[in-house]
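It should be emphasised that the depicted structure is a prediction, and the values quoted were computed from it without experimental measurement. Sequence positions, counted from 1, serve as the residue numbers for this chain.
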Amino acid sequence: MINSQVIEKSQLVAQAKGQIVSDMGGEKVMLSIQNSKYYNLGEVGGGIWEELKQPMTVSNLILRLTEKYEVEKDVCEQQVIHFLTSLKAEGLLLIQDAPNK
């Protein structure tokens, strides 16, 4: 059963370890050592993956992407959360609650 937990904008997200990532013609492709699968992240997905080298909140990720790409915030939010949910389902994403300040 896939964990259906919703990813919240306040949560910290980061790359899970154990992936081999390469640039192929402007797109990122990845091999997961853990599940022995290849993924084509594409250009934007590859950009998101690069942003996640260091943990950041989902809301900060959305802010960075709306500054980098010509996209409305609500559209970006919906697509980013969908993409992160897909990464999580494949075991490629680390998620934790952000510490209270």
Joint cluster assignment, V29 & L87, ILVMFWY side-chain distance < 4.5 Å: no
Quick one: which residue pairs count as a salt bridge (Lys or Arg N to Asp or Glu O under 4.0 Å) with a foot in residues 12-22, not counting sequence neighbours? none
CD (E27) with more than 12 external heavy atoms under 6.0 Å: yes
Mind checking the CD1-OG1 spacing from I7 to T85? Nearest 0.5 Å is all I need. 3.5 Å
Quick one: SG on C76 to CZ on F83, what's the gap to the nearest 0.5 Å? 12.0 Å
Cut-off 3.5 Å, no hydrogens considered: what does the side-chain donor-acceptor table look like for residues 42-53, sequence neighbours left out?
residue : atom : partner : partner atom : Å
E50     : OE1  : K53     : NZ           : 2.9
E50     : OE2  : K28     : NZ           : 3.3
E51     : OE1  : R64     : NH1          : 2.8

Taking only residues two or more places apart in sequence or in another chain, which ones pass side-chain hydrogen bond (donor to acceptor under 3.5 Å, both in side chains) with Q19? S32
Can you name the residues that form a side chain to side chain contact (heavy atoms under 4.5 Å, CB included) with S59, not counting sequence neighbours? K9, T57
For residues 65-73, dump all side-chain donor-acceptor pairs below 3.5 Å to protein atoms at least two apart in sequence or in another chain.
residue : atom : partner : partner atom : Å
T66     : OG1  : I62     : O            : 3.2
T66     : OG1  : L63     : O            : 2.9

Could you state whether Y38 and M24 fall into the same hydrophobic cluster, counting links through intermediate Ile, Leu, Val, Met, Phe, Trp or Tyr residues with side-chain heavy atoms under 4.5 angstrom apart? no
Verify same cluster id: V75, L61 (apolar side-chain graph, 4.5 Å): yes
Per-pair distances, 0.1 Å, donor-acceptor, side chain in residues 90-97, under 3.5 Å, sequence neighbours excluded:
residue : atom : partner : partner atom : Å
E90     : OE1  : K37     : NZ           : 3.2
E90     : OE1  : Y39     : OH           : 2.6
D97     : OD1  : Q11     : NE2          : 3.2

Atom OG in S86, atom CG in L41: separation rounded to 0.5 Å? 10.5 Å
